[in-house]
Amino acid sequence: MLVDDFDPLKGKRLEILRKDGSVNKKLEPKIDDDILLKAYRTMVLTRVADEKAVKLQRQGRLGAYPPTKGQEASQIGPALAMGPNDWLVWAFRELGGLIYRGVPLWRLYLYWMGNEEGSSYPEGVHATPSVVPVGSQVPHAVGIAYAAKQRKEDTAVVCFFGDGGTSEGDFHEGLNFAGVMRTPNVFICQNNQWAISVPRERQTASKTIAQKAVAYGFPGIQVDGNDVLALYVATKEALERARKGEGPTLIESYTYRMGDHTTSDDATRYRLEKELLEWADRDPIARFRVYLTNRGLWGEEKEKALLEEVSATVEEEVKKAESFPRPTFEDCFRHTFATMPEDLREQMEALRRELPTGRE
Amino acid sequence: MLVDDFDPLKGKRLEILRKDGSVNKKLEPKIDDDILLKAYRTMVLTRVADEKAVKLQRQGRLGAYPPTKGQEASQIGPALAMGPNDWLVWAFRELGGLIYRGVPLWRLYLYWMGNEEGSSYPEGVHATPSVVPVGSQVPHAVGIAYAAKQRKEDTAVVCFFGDGGTSEGDFHEGLNFAGVMRTPNVFICQNNQWAISVPRERQTASKTIAQKAVAYGFPGIQVDGNDVLALYVATKEALERARKGEGPTLIESYTYRMGDHTTSDDATRYRLEKELLEWADRDPIARFRVYLTNRGLWGEEKEKALLEEVSATVEEEVKKAESFPRPTFEDCFRHTFATMPEDLREQMEALRRELPTGRE
Amino acid sequence: MVMMNMVQSINLALREEMERDTSVVLLGEDVGVDGGVFRVTEGLLDRFGTERVIDTPLAEAGIAGVAIGMAMNGLRPVAEVQFMGFGYLTLNQMICHAARMRNRTRGRLTVPMVLRTPYGAGVKALEHHSESTEALFTQIPGLKVVVPSTPLEAKGLLTSSIRDPDPVIFLEPTRSYRMLKEEVPSGEYTVPLSQARVVQEGIDLTVIGWGAMIPQIQKALDSLAGKFSCEVLDLRTLSPLDSNAIIRSVKKTGRCVVVQEAPKSFGVGAEIAARINEKALLSLEAPVERVAAPDITIPLPKGEDYYYIGPERIKSAIERTMSF
Amino acid sequence: MVMMNMVQSINLALREEMERDTSVVLLGEDVGVDGGVFRVTEGLLDRFGTERVIDTPLAEAGIAGVAIGMAMNGLRPVAEVQFMGFGYLTLNQMICHAARMRNRTRGRLTVPMVLRTPYGAGVKALEHHSESTEALFTQIPGLKVVVPSTPLEAKGLLTSSIRDPDPVIFLEPTRSYRMLKEEVPSGEYTVPLSQARVVQEGIDLTVIGWGAMIPQIQKALDSLAGKFSCEVLDLRTLSPLDSNAIIRSVKKTGRCVVVQEAPKSFGVGAEIAARINEKALLSLEAPVERVAAPDITIPLPKGEDYYYIGPERIKSAIERTMSF
Ligand SMILES: Cc1ncc(C[n+]2csc(CCOP(=O)(O)OP(=O)(O)O)c2C)c(N)n1
Ligand SMILES: Cc1ncc(C[n+]2csc(CCOP(=O)(O)OP(=O)(O)O)c2C)c(N)n1
Ligand SMILES: [Mg+2]
Ligand SMILES: [Mg+2]
């Protein structure tokens, strides 16, 4: 098993697709061409959609937004490996994984534009909404997995969080529960080296994030986070173990946040251009493109066509999001409880009468 | 270093004084005879004081109380190793360590009798009060250590908690801070195999508690918790590292809770007599007595005299505690803030007038 | 019908709901093998097995968070926190997620869970074992807060709480656990949430309480021996509050005493007084008096009697209010 | 004197206190190299070094707990929580330990710390970045809760908070961080805790507010153009509350509007109304009206305007109360 071969305590890291696009043949997974192509398209779509979100924010058309640039492989690799009923529990920087799993891009834009409807995903998409309090989604993933296991479903739960998230008590309590309950969980830490301005080494003295699994009695593995194949392979093995009742796995996806923390942040205050350039050189999309090209699946024409298609798609989705109606006054009250308490209805009516015109 | 030789991931446990009282000569520490004798006396005193507390509770003279029987070595071994200015941060089952460190027994009784004065320790005793919310004292230990380090004091902080406590977020956050800040902390988990009715294996899937240190980037070691010499040696080394600025250590003291969880608990509901008997055979006091006897420091006469002295002492301390005045009405208000706010004084006076006679 | 104390009636409600609905699961520290430190879940592990009665690790935020996840995926978890004083660790999960998931996803994901915990003082317990910080929860939109005052009420309210589609904080007055027995029916018995109970009708003054204060109020009235005609309201649900019942009663009586075990300031009693002020000011013939603990940390057992509200204080407040 | 916004005046207060007293240390997420996400601690790392300005791991309970330990051992930590919505994670430490250590040890160990956090809405922020749950803290005996409303006030109040021997929750209204500049003196300037400020005197009606509501109240009064003579109280310290100032004013005016950014029920406004009811009922010519947010989760930006209190609502409340 990979988790045996790549022991983080021995300084091992799983790498398959090298930064020049060449591949470790021994570890290369067999993936259908159409899946590979879908993965590539989603990565490119994510990149374009992400850049668009930043632009929209600058134009005042979208709120504070956390760019995901550079982390596309880290999110889409796992998504490839997931089964149709598996759940995706995320933090707030997992645009790519969500798109791949079928959350409409316009809904995600809608969320970042500040409309709760953006977190109402279509039936059949098993994904939780964005979670802002860092790490607090981790126990949910365990509960979701437990429910599936208790009903004897063949469902596993993939849960994302950041390197910063591993410092929170919720991370610890969640992973510890999962270990004890042997829930079908795959925990993926997107270690993008930064938690706002705090570098990975000041976040924890542990040498790797992967080795934190030792504390919970299940395997941990560190994976090149810019290598979509490595992420796919590691997640696939973890999901298989989960489904067989062999319990959870912690995957550290070693990647990099190419953008600012959010559009409110200015990363030049705390990190060096040099680091950015080094990582630009390890871009997950570029190397995947070389891989596909080497496999005869890709070329310049296709690339050009894809970029056009994807840009058009993004514009479409923005339009959908922007034309989505603003929540009504009542929408903001309606979902506090299943049934609106009498006093709340009274408050609502009183406030409605008082709201200055234009506000409603 | 011990922490290198006894890697918990390799299934190693530090043992020096065997259960038959024989000793591993290679590891035997050099401790002055009077210290050994003081340690032994404190262990016996703790045992007697502990049994007395249980009796007092049965008689309605003391509130709910967590017996410490069986864990004397686990607490007193570390206390032997501590320097005069080191802090002791404890949970609620560390009677022995506190007595050794100079907290008057009657104060501890007073606390368990339900009087806050019991937690007002004499000047110069660097110990925190009992902490009920499990695990919540761990970050305090880090802050206390940081303050000492920041002032360049030669002080370290020994912090106790239980196996159950390791599941709490505060344990995790505290140890992670300590790792990053390289504070002079020694964390001692009294793994007494139970957290009320929950056995160690259901508390965490990690094979040992000691290995949890891997998650925080500092050493962990498992020690026979009924072996006062092993605890002394492990703590001493950890304290030396701490003082040299080499950061924290996690010590798992592998011991056993011989009594009920508290006097409100009935352990026969969830654990087998057999287990108890096995552990009775590993009693920390019995083996230490053999050791002292073998070293020519002890004998039956001395034992008899000690028991008498200790029993008398305990009775004295009970008397002191019981004759300590009940808190006055005003005592309960006085320490809410350094200066009593006007409204609170008003509340106090109004309530005083209203209290039925006899209550005050 | 069988005579039961509150521990038994809660146990019965749990058992029956677990039988009725296989999605109901229990989780918490020591709820399984040990049957709970108060024996509330006694016998349930044997009956329903370890998959539905889960002894968890010692981690309250984890218990709350895992329960939230379970509820998001089709279960109806009833989580136990061993004492209210350890419930502060659940606040982040309950405030940020349990209370908000429905609104956040516009109804797509919901959190039908119950967080049960013993609460309140008056039993000379250890530190942190006597808390009554219910107002921490009541102020959070999206959470319901329920407090039973008798065994029968406990059965009906817990059953409704488990069936409720939204998260409910269910506070069990420790002092009342074994204080009183009354007849409790087996089988279907529910008490609707957000409806106060008129314990006794009256026209001179309204006394409002909940949980373990109800018996104290009754003792106070006994000692007044019919001197005044007091209406007693047991709130049962603290949030969302049954304003109507309060206002209706105070409009009738014109006088009100609120009995709150918690420290006075910023407690549930303040909200009651504020609402009465808003909606019944002109009916008031005296200030709404709050009988409450002082604004101090609850003393350890040796000082608890100074702090805990007995019938005497309630009686004086009633007399004061009547003679205002 | 220099014109400063509130971010700058807080920065100044921190800097001066750190210079004055070497036991003052800062800790929190991104407070060092980054200077804080709002730049409140900008420049302090360079000035005081990494031992006194500590970038911590991402763990709020840990920040609070470590700060408590520091305070128990002679330091005066000023801990930052990045947004009030992440402060729920600190509640267990603040309630169980910061608030109680003095009483628990009868004064032997104390916790002179400040927990600073930006709070409040009105800036169209992400979820959990707009909380105003101050009543979670006010109800805890042993904690002080302070809210500045202007740059000058912020300097004086923060200085006093840092010097206070007890734990202070210092809530900084995000919306006011850069809204206004005023002259702020460098050097010694303190504002005593637990004393409300009379922003303007009046005889017809008392308007009570704090933090970011003060400018909204002022706008409302502007729009009333002197129609009524309003007395405005800025509470400054929410707990322990300055009852005297409130009662004195309401006894004079007989009418009161409380403006509270938080959801209405179980908030600070309820306590104010309850105290007025208790001590000034006979002076009241109208119900104490609470202008507050509705009892819902604060909407995301697209819905925030429905929720956030503007001058119009305050104005109507004043008019309603005056014409009661
Ligand atoms: C509990 C909590 N504390 C603080 C924040 C503010 N904050 C948002 S993201 C972030 C850093 C997160 O770092 P990491 O977990 O590594 O994720 P990344 O942003 O790198 O994706 C912080 C401190 C928050 N959202 N939640
Ligand atoms: C936060 C919290 N949750 C629950 C409890 C109730 N409780 C008291 S002790 C205990 C078990 C503690 O186990 P462990 O940490 O192993 O210490 P031990 O009792 O074995 O010494 C529990 C659940 C508590 N005191 N605090
Ligand atoms: Mg990160
Ligand atoms: Mg234990």
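In what follows, every chain begins at residue 1, and chains take the letters A, B, ... in the order their sequences are listed.
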Over 12 non-hydrogen atoms of neighbours within 6.0 angstrom of CD in E275(B): yes

Among [options], residue most engaged with chain C (heavy-atom pairs, under 4.5 Å):
options: D343(B), T166(B), V132(B), T336(B); result: V132(B)
options: D163(B), I196(B), N115(B), V134(B); result: I196(B)
options: S136(B), S264(B), P133(B); result: P133(B)
options: R202(B), Q203(B), M113(B); result: Q203(B)

Check whether the side chains of Y65(B) and D50(B) place a donor and an acceptor atom closer than 3.5 Å, and report yes or no.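 Side chains of Y65(B) and D50(B): pair found under 3.5 Å.
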
Just by distance, with hydrogens left out, do E94(B) and Q190(B) show a side-chain donor and acceptor under 3.5 Å apart? yes

If you count heavy-atom pairs under 4.5 Å between each of [options] and chain B, which one has the most?
options: D55(C), D34(C), L89(C); answer: D34(C)
options: K264(C), E29(C), E60(C); answer: E60(C)
options: I298(C), L126(C), T297(C), D295(C); answer: D295(C)

Looking at E304(C) and K124(C), does any basic side-chain N land under 4.0 Å from a carboxylate oxygen?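 No, this pair does not count.
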
Using a strict cut-off of less than 4.0 Å between a Lys/Arg side-chain nitrogen and an Asp/Glu carboxylate oxygen, indicate whether E42(C) and R47(C) qualify as a salt bridge. no

Let me know if Q347(B) has heavy atoms under 4.5 Å from chain C in its side chain, its backbone, both or neither. side chain

Pair E319(C), K227(C) - check salt bridge (charged side-chain N to carboxylate O under 4.0 Å, His left out), show working. CA-CA 10 Å; E319(C) 287 171 335; K227(C) 199 164 152 205; 3.4 Å; yes

